Peer 1: 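Starting off with a structure, shown below.
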Amino acid sequence: MKELDYARIGMRIRQIRKAKGWSQDELAKKCGISMSFLGHIERGSRIMSMETFVNICGALDAGADELLWGVAHPSEAVLDLWEPSGSKKGQKNADSYSMYIKIMKSVAEIMNEA
């Protein structure tokens, strides 16, 4: 089982928050926590409760996998667009999915440099 890296989780939260153009205070208010506590979460120096994590996911419109592991899973609707004509319903096109992941990682790297 993977261990949680709270500093990286906090970094991902900060990246998404900044991409939305929100201050720490704005996100903290949306989540019902103090700005100070959000700062600790973003630095990885304090561990949040499951309830706070769920509130952050909801406020940022981010999936748990995205914040915990840096892996964004596309919705089923997006995957359906990539299925080749005549494929069985529900069958995933692995090459297109891999390309999607590469694109998302590139976007995340670009956001890190900003």
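This structure is a prediction, so every number in the text was calculated from the model and none was measured.
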Peer 1: Could you state the interatomic distance from CZ (Arg8) to CZ (Arg12), rounded to the nearest 0.5 Å?
Peer 2: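 Rounded to the nearest 0.5 Å, the CZ-CZ separation comes to 5.0 Å.
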Peer 1: Got Leu68 and Phe53 here, is their nearest side-chain heavy-atom distance under 4.5 Å?
Peer 2: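 Leu68 vs Phe53: side chains touch.
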Peer 1: Do Ile47 and Ile9 share a hydrophobic cluster (ILVMFWY, side-chain heavy atoms under 4.5 Å, transitive)?
Peer 2: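 Linked within one cluster.
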Peer 1: At what distance, to the nearest 0.5 angstrom, does NZ of Lys18 lie from CD1 of Ile13?
Peer 2: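 With rounding to 0.5 Å, NZ (Lys18) is 13.5 Å from CD1 (Ile13).
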Peer 1: Please identify each residue that fulfils side-chain contact (heavy atoms from CB on, under 4.5 Å) with Thr52, with sequence neighbours left out.
Peer 2: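 Partners of Thr52 under the side-chain contact (heavy atoms from CB on, under 4.5 Å) test: Ile33, Phe37, Ile41, Met48, Ser49, Ile56.
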Peer 1: Is there a side-chain contact between Leu4 and Trp69, using heavy atoms and a 4.5 Å cut-off?
Peer 2: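 The answer is yes; the side chains approach within 4.5 Å.
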Peer 1: Minimum heavy-atom separation for Glu26 to Ser23, with atom names?
Peer 2: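 The answer is OE1-N, 2.8 Å.
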Peer 1: According to side chain to side chain donor-acceptor pair (under 3.5 Å), who are the partners of Asp25, at least two apart in sequence or on a separate chain?
Peer 2: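 Asp25 satisfies side chain to side chain donor-acceptor pair (under 3.5 Å) with Lys29 once adjacent residues are dropped.
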Peer 1: What distance do Cys57 atom SG and Met50 atom CE have between them, rounded to the nearest 0.5 Å?
Peer 2: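 Between Cys57 SG and Met50 CE, I get 9.5 Å after rounding to 0.5 Å.
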Peer 1: Kindly indicate, with the supporting measurements, whether the criterion side-chain contact (heavy atoms from CB on, under 4.5 Å) is fulfilled by Asp61 and Ile16.
Peer 2: CA-CA 9 Å; Asp61 194 28; Ile16 295 170; over 6 Å; no
Peer 1: Give a yes or no on whether a salt bridge exists between Arg17 and Glu42, defined as a side-chain N under 4.0 angstrom from a carboxylate O.
Peer 2: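 Salt bridge: yes.
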Peer 1: In Å, rounded to the nearest 0.5 Å, how long is the span from SG of Cys31 to CD of Glu51?
Peer 2: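 If we round to the nearest 0.5 Å, Cys31:SG and Glu51:CD are 11.0 Å apart.
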Peer 1: If I take atom CZ from residue Arg14 and atom CG from residue Leu60, how far apart are they, to the nearest 0.5 angstrom?
Peer 2: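 Spacing of CZ (Arg14) from CG (Leu60) equals 12.5 Å.
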Peer 1: When you look at Arg43 and Tyr6, which way does the side-chain contact (heavy atoms from CB on, under 4.5 Å) test go after all the steps?
Peer 2: CA-CA 8 Å; Arg43 289 187 300 278; Tyr6 293 101; over 6 Å; no
Peer 1: Could you report the tightest heavy-atom contact between Ala28 and Leu38, atom names first, then the distance?
Peer 2: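 Heavy atoms of Ala28 and Leu38 come nearest at N-CD2, 3.8 Å.
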